[in-house]
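Here is the structure we will look at.
In what follows, every heavy atom counts, from backbone to side chain, and hydrogens, waters and symmetry copies are set aside. First listed ligand is number 1; within each ligand, the first listed atom is number 1. This one's a predicted model, so the numbers in the text were calculated from it and none came from an experiment.
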Amino acid sequence: MSYQRILIKIGTSTLTRGTNQLDLPKLIDIVRQVSVVQSRGVQMTLVSSGAVAAGRELLNYPIVAKHVPGKQLLSSIGQPRLMSIYSDLFKMYGHNVAQILLTRSDFVNRRSYLNARNTMECLLDQNVIPIINENDAIATDEIRLGDNDTMSAYVSGLIGADLLVLLTDQNGLFTDNPEKNADARLIDTVDTPDIHPFLWEAAGGSVSGLGTGGMHTKLRAADLARRMGTTTMIVNGAIEDIIIRIASGERFGTVFRPTNTVLESLKRYLLTGYNPGTSAITIDAGAEKAVHAGKSLLPAGIKSVRGEFDRGDTVKIVNEQEEEIILGMVNYSSEEIKKICGMKANQIESILGYCYTEEVVHRDNMIGSEII
Ligand code: GLU
């Protein structure tokens with residue numbers, strides 16, 4: 001199996017190797033491995049924790065209340081420190097990084113989701129390595145995901161990753177706590193549609209399980225990611241060259257096979273934003289041909305717009321004979337498309353005063369009309 005788009009989740013315990021400060025040799029090792037794989041042409045993305053730990057270290061371990069503002073203080077101080085280390089280290093290997101801070105609302109709100117998706121696609125296209133963390137500095141409990149395992153599952157759906165690697169301090173998911181039970185076996189593959197209740201229990205459904213590494217959260221994240229079409233591995237981040245070896249096809253730890261494809265999962269997402277009412281975009285014969293050939297829909301090929309819809313909604317695209325061609329997630333609202341239809345892409349900015357993208361519907365955000 002050769003992976004094209006790999007997401008690596010690195011937790012605080014991996015970055016600090018269980019101490020109370022960032023472990024620079026460990027960071028260097030991770031950066032080196034990610035760089036080697038990126039240089040082979042694989043698009044790498046990181047979800048990295050460590051902001052709060054870095055903040056604590058920078059402030060010399062202050063006594064900070066455990067409430068939300070305390071954590072926000074530490075993360076807002078630590079996040080730039082963490083990024084500056086990543087940025088300097090990756091630069092040594094010839095790679096650029098980008099910081100993306102997200103919260104749950106960015107995945108729930110379709111406009112934000114589209115923004116995040118477009119930005120990620122641009123970065124990956126430019127061979128930049130995005131480094132994602134939760135936007136702890138501003139996120140309050142109502143809008144937080146709260147942990148980066150869950151964040152990485154959502155991000156795997158956002159970018160259509162074909163592999164998510166959850167680095168942990170355990171060798172994978174076991175049938176019982178291996179430190180207490182010599183008969184505990186490593187689960188090497190999870191490929192059933194539903195996760196068996198005994199696995200949830202083994203992962204620490206109660207405090208007595210393998211809860212130390214947050215295994216229950218990891219299992220939930222792995223289950224979510226595989227439902228989005230991403231093969232997911234829970235592996236021990238301490239194994240030598242683990243990232244390089246996994247990217248080369250070796251297998252370690254517990255592997256969760258996808259329950260559907262990335263494409264099916266995208267289709268499902270697009271369908272959740274579809275309102276099968278009367279809204280539609282009518283396109284000309286040239287645009288119809290282009291769309292059938294797998295190209296994006298540009299404003300020049302649009303004849304007219306019906307109904308009202310927002311950026312990020314999924315809209316029916318029809319030809320001049322009213323035949324339904326595709327469903328597409330739109331980069332512009334109905335109001336905006338009314339102003340730019342028939343125009344060249346390079347005129348969008350002068351007409352609207354801004355240009356999100358040249359495409360009204362990107363080719364990756366279309367699904368066939370057979371679903372309508
Ligand atoms: N976002 C937090 C941090 O950077 C970590 C959250 C987690 O460990 O899951 O420190």
Side-chain angles (χ1 to χ4, degrees), residues 7-24 26-27 30-31 34 45-87 89 97-107 116 129-158 164-170 203-204 210-225 232 234-238:
L7 180 60
I8 310 282
K9 188 265 164 176
I10 311 153
T12 303
S13 65
T14 305
L15 287 177
T16 59
R17 278 205 259 209
T19 67
N20 64 359
Q21 51 188 348
L22 293 179
D23 185 297
L24 277 178
K26 184 68 198 173
L27 265 152
I30 289 171
V31 169
V34 171
T45 298
L46 303 185
V47 168
S48 176
S49 304
V52 172
R56 256 196 205 104
E57 191 182 335
L58 269 179
L59 292 186
N60 201 18
Y61 312 100
I63 298 171
V64 175
K66 283 202 169 119
H67 53 40
V68 174
K71 204 173 168 205
Q72 290 177 324
L73 166 93
L74 293 174
S75 64
S76 56
I77 291 168
Q79 181 66 23
R81 163 86 179 132
L82 184 66
M83 281 311 295
S84 121
I85 298 175
Y86 272 128
S87 173
L89 293 179
V97 298
Q99 167 183 270
I100 305 281
L101 300 175
L102 300 169
T103 57
R104 188 164 60 84
S105 57
D106 294 312
F107 296 95
I129 301 173
I131 302 181
I132 297 168
N133 198 354
E134 181 134 38
N135 196 350
D136 292 317
I138 57 134
T140 48
D141 278 350
E142 314 83 76
I143 61 163
R144 286 181 77 220
L145 284 169
D147 72 89
N148 273 347
D149 292 319
T150 311
M151 169 69 80
S152 66
Y154 278 86
V155 173
S156 67
L158 180 77
L164 165 64
V165 180
L166 298 171
L167 295 180
T168 165
D169 50 10
Q170 312 271 347
L210 285 183
T212 45
M215 198 52 90
H216 191 268
T217 315
K218 284 188 177 53
L219 179 56
R220 214 182 41 199
D223 191 32
L224 190 59
T232 303
I234 298 180
V235 300
N236 192 334

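Looking at ligand 1, you won't find any N or O of Gly146 less than 3.5 Å from one of its N or O atoms. The shortest N or O to N or O distance between Ala53 and ligand 1 is not below 3.5 Å. Residue Gln79 has no nitrogen or oxygen atom sitting less than 3.5 Å from a nitrogen or oxygen atom of ligand 1, judged on distance alone. By the 3.5 Å distance cut-off applied to N or O atoms, Ser48 is not counted among the residues near ligand 1. Taking only nitrogen or oxygen atoms, main chain and side chain alike, Glu134 does not reach within less than 3.5 Å of ligand 1. Between Ser49 and ligand 1, at least one N/O pair is under 3.5 Å apart.
For the atom pair CG (Leu158) and CG (Leu102), the distance works out to 7.0 Å, reported to the nearest 0.5 Å.
Which of Val52, Leu74, Asp136 comes nearest to atom 2 (C) of ligand 1 through a heavy atom is settled by distance: it is Asp136.
Residue contacts with ligand 1 for Asn133 involve side-chain atoms from C-beta outward but no N, CA, C or O (heavy atoms, distance under 4.0 Å).
Not a single heavy atom of Ser75 sits less than 4.0 Å from an atom of ligand 1.
Here the side chain of Glu134 pairs a donor or acceptor atom with the backbone of Gly146 at under 3.5 angstrom.
For the residue pair Ser152 and Asp149, no side-chain donor N or O sits within less than 3.5 Å of a side-chain acceptor on the partner. Inspection of the Asp147 and Thr217 side chains reveals no N or O donor paired with an N or O acceptor under 3.5 Å.
For Thr14, there are no side chain to side chain donor-acceptor pair (under 3.5 Å) partners, not counting sequence neighbours. Applying the side chain to side chain donor-acceptor pair (under 3.5 Å) rule to Gln79 yields the partners Gln99, Asn133; only residues at least two apart in sequence or on another chain are considered.
Environment of OH in Tyr86: crowded, with over 12 heavy atoms of neighbouring residues, nucleotides or ligands closer than 6.0 Å.
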